[in-house]
Amino acid sequence: MSKINRRKFLTIAGTLSAGAALTACATPAPTAAPAAPGAAAKPAAKQFKIAMVCPSLVNDAAFSQSMYDAIMSVQKEMGGESALMLKYSDNVFQVPNAAAAIRDYAGQGFDLVIAHGTQYGNSLQEIAKDFPNVAFAWGTATDNFESKGLKNVFAYNPKAEEGGYVLGVLAAKMTKSNVVGVCGPVEAGDAKTFVDGFKKGVTDTNKAAKVNVTYTGNFSDVSLMAAAAETHTKAGADILTGSSQSVVGAIGIAKDKKIVWFGTQSNQANLAPETVGASQVYDWSGIVKEMISMINSGKKGTVSFESTLKNGGLKIVYNDKVAISADAKAAAAAATKDIADGKLKALP
Amino acid sequence: MSELFSLTVLTGIAYSGIRLATPYLFAALGEMFAQRSGVVNLGVEGIMLMGAFTAFAMATWTGNLWFALFCAAFIGLLMGLAMSFISVNMQAEQGISGIGMHLFGLGLSSLLFTKFLGSTKAITGFQPIKIPLLGDIPVIGEIFFNHNILVYLAFLLVPIAVWVLNKTTLGLKIRAVGVKPEAADSLGVSVSKIRYLCVSFGGVMAGIAGASLTLALINLFQENMTSGIGFIAVALVYFGGWTPVGVTLGALLFSLVNALQLWIQVLDKDKVIPSDFALMMPYVLTIAVLAFGKRTNQPAALTKPFDRGSH
């Protein structure tokens with residue numbers, strides 16, 4: 001290698017490796033979650049070990065955070081890190097990288113490996129076959145692969161349309177322009193059911209209101225999501241909602257235009273406290289506890305869980321900093337009760 | 001769908017198109033200068049991410065939007081200087097080092113965000129400024145004269161770029177260095193200095209382009225929030241035939257089609273046109289123009305390192 005070629009080589013290698021190293025640094029490899037206060041004081045008989053792989057950051061105020069918060073809450077309830085240990089790899093959007101992480105965790109003796117992303121399903125199906133003694137969970141999904149002969153996979157799915165419907169009722173009661181905008185990511189999964197439930201909630205409650213829906217085609221394009229929100233406001237929308245981690249772009253526009261936003265997946269009030277009226281929160285803690293209990297009693301899969309308003313897996317959380325009338329809240333509470341009692345279908 | 005041709009909708013499309021063009025315009029105009037001097041900087045996306053993060057962090061901590069913008073420009077300058085050093089002094093393969101710069105910006109912005117901010121909270125960005133008198137003209141006023149300051153600055157840059165490139169000695173030197181660096185060198189023009197200047201300017205513009213997202217368009221930061229804007233900006237330079245006006249028309253066309261597809265989704269109540277089809281429109285258009293466009297102004301020395309000793 002001549003001098004100049006070596007120099008070029010070193011420069012390129014240096015630049016690429018610096019970039020790759022920083023990307024790796026920003027994507028925390030197995031990270032221990034913080035222990036709850038007082039955890040060390042209550043040693044449990046046997047520590048239960050959970051590993052989680054998720055597509056965005058655990059503080060994304062959306063999908064990944066919903067599972068992280070649930071496990072942290074269960075950890076606190078069980079007595080801290082000595083009773084329940086969590087390691088996670090977040091921001092792993094690429095399926096091959098996620099598959100590698102899931103396989104790594106499975107080989108490390110975890111009691112439960114959670115693949116928190118619909119896109120991980122195919123890879124998980126292959127990995128679960130190789131580790132029959134490890135329990136896996138994936139979602140949002142309804143297929144626990146029992147029909148494929150697997151006995152060690154749980155599936156979990158939110159009935160996002162239920163909370164969507166209730167938020168739609170609130171939006172219908174609050175809109176003055178009678179135009180409501182929905183910023184969807186991809187027309188699939190819980191994003192679609194949320195949107196469909198929301199639309200039905202609005203139109204069932206306020207016949208004069210119309211719901212405009214856009215999809216950006218991916219889960220991460222913050223800029224296009226902002227443009228979609230902007231378009232909705234230009235089309236007259238005075239209430240906005242949307243799903244996925246990219247909605248931060250739309251929430252920024254809602255704040256700018258001083259209109260109300262309804263969130264889903266996690267409580268999004270922290271993103272813009274004066275803008276987010278209420279959020280549908282995915283509370284996976286009940287499902288996590290149930291899976292732990294089943295695994296401890298020897299059952300490692302074959303169950304598909306569903307989060308609903310009735311079983312507390314879905315919650316409507318209000319933000320007191322945004323004024324919502326008592327009438328709107330009463331209508332939302334009535335819709336919640338009717339859905340829970342099976343008197344009302346949230347999907348068209 | 002007949003509403004698509006109503007004045008309200010057409011005004012909305014035009015207004016959104018101009019607003020959305022802002023980050024593309026800053027980044028693509030800066031990249032155009034770098035390419036006219038013979039250097040392709042594929043790291044624009046990474047520099048934009050660092051600019052977006054820096055501006056958001058500074059705005060969050062100090063509340064001063066202009067200081068935040070200055071810091072983003074400064075970070076862009078530093079990364080532009082780094083790219084200049086790599087491509088001019090080290091004569092590295094520009095395409096690959098650009099990808100390295102992108103990964104560097106992506107990784108560092110994510111790392112710094114995780115370490116120093118952790119979570120995001122919307123800021124109050126630059127607000128729209130209605131230009132007196134002009135802003136009151138029906139339709140025209142709403143489309144062109146009711147934007148935030150960064151939109152005006154981006155479009156103000158276009159005539160300045162035309163003037164610098166075509167009417168000044170510096171512009172002549174830039175064009176000469178990009179077409180025939182040996183000839184420029186023999187006439188006493190420092191190829192290295194010109195390329196340093198242009199690539200660094202491109203870095204500053206990319207930093208400001210990133211800042212325009214967090215300080216004016218979105219008002220929040222999220223990892224990898226540019227989602228390919230930097231790469232589209234590089235493509236727009238080819239699209240625009242390496243001229244400021246061409247780049248501007250390209251940026252406007254891309255943004256207008258993007259605004260149009262969102263409006264089509266809003267107005268198409270019966271979902272006659274699938275959302276996926278609407279989403280494809282800007283990209284299909286870009287590929288079509290690139291495929292059929294003429295490359296008359298492509299700098300002859302583009303991507304070729306200049307080694308003074310070898311001539």
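What you see below is based on every heavy atom in this structure, not just the backbone, and it leaves out hydrogens, waters and symmetry mates. Labels below follow one simple rule: chain letters A, B, ... track the order of the sequence lines, proteins then strands, and each chain is numbered from 1.
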With a 4.5 Å cut-off on heavy-atom pairs, point out which of A/S56, A/A237, A/A226, A/A227 contacts chain B the most.
A/A227
Could you tell me which non-hydrogen atom of A/A235 sits nearest to which non-hydrogen atom of B/V266, and how far apart they are?
CB-CG1, 4.0 Å
As an exercise, state the distance from CG of A/D256 to CD1 of B/I123, rounded to the nearest 0.5 Å.
10.0 Å
What one should report as the nearest heavy-atom pair of A/G252 and B/L220 is N-CD1, 3.8 Å
Does the side chain of A/V222 reach to within under 4.5 Å of the side chain of B/S227, using non-hydrogen atoms?
no
Examine whether an atom of B/S16 lies under 4.5 Å from a heavy atom of chain A, and if so say whether it belongs to the side chain, the backbone or both; otherwise answer neither.
side chain
Heavy-atom closest pair (B/W263 atom, A/K234 atom, distance to 0.1 Å) is CZ2-CB, 3.6 Å
Please round to the nearest 0.5 Å and tell me the distance separating atom CG of A/N270 and atom NZ of B/K121.
7.5 Å
Are A/S223 and B/L213 close enough that some pair of their side-chain heavy atoms sits under 4.5 Å apart?
yes
Can you say whether B/F221 sits under 4.5 Å from chain A via the side chain, the backbone, both, or neither, judging by heavy atoms?
neither
Show the numbers, then the answer: is there a side chain to side chain contact (heavy atoms under 4.5 Å, CB included) between B/L262 and A/L224?
CA-CA 9 Å; B/L262 287 167; A/L224 194 55; 4.3 Å; yes
Comparing A/T216, A/T275, A/V186 against chain B, the one with the most heavy-atom pairs below 4.5 Å turns out to be A/T216
Measure the spacing between CG of A/D60 and CD of B/Q222 and express it to the nearest 0.5 Å.
7.5 Å
Between A/A272, A/A250, A/A228, A/A229, the one whose heavy-atom pairs under 4.5 Å with chain B are most numerous:
A/A228
State the CG-OG distance between B/N224 and A/S246, to the nearest 0.5 angstrom.
12.0 Å
Measure the OG1-CG distance between A/T214 and B/L279 for me, rounded to the nearest 0.5 Å.
9.0 Å
Separation of A/E230 CD from B/L217 CG (nearest 0.5 Å):
8.0 Å
With a 4.5 angstrom heavy-atom cut-off, could you sort out which part of A/D221 is near chain B: side chain, backbone, both or neither?
both
Heavy-atom side-chain contact between A/N91 and B/E223 under 4.5 Å:
yes
Residue selection (most heavy-atom pairs with chain B, distance under 4.5 Å) from A/T231, A/V182, A/N59, A/N218
A/T231
Report which part of B/E142 has an atom under 4.5 Å of a heavy atom belonging to chain A: side chain, backbone, both, or neither.
side chain
I'd like to know whether NZ of A/K255 has more than 12 heavy-atom contacts from other residues, nucleotides or ligands below 6.0 angstrom.
yes
Contacting moiety of A/V211, where chain B heavy atoms sit under 4.5 Å:
backbone
Counting heavy-atom pairs closer than 4.5 Å to chain B, which one of A/Q65, A/M225, A/Q245 comes out on top?
A/Q245
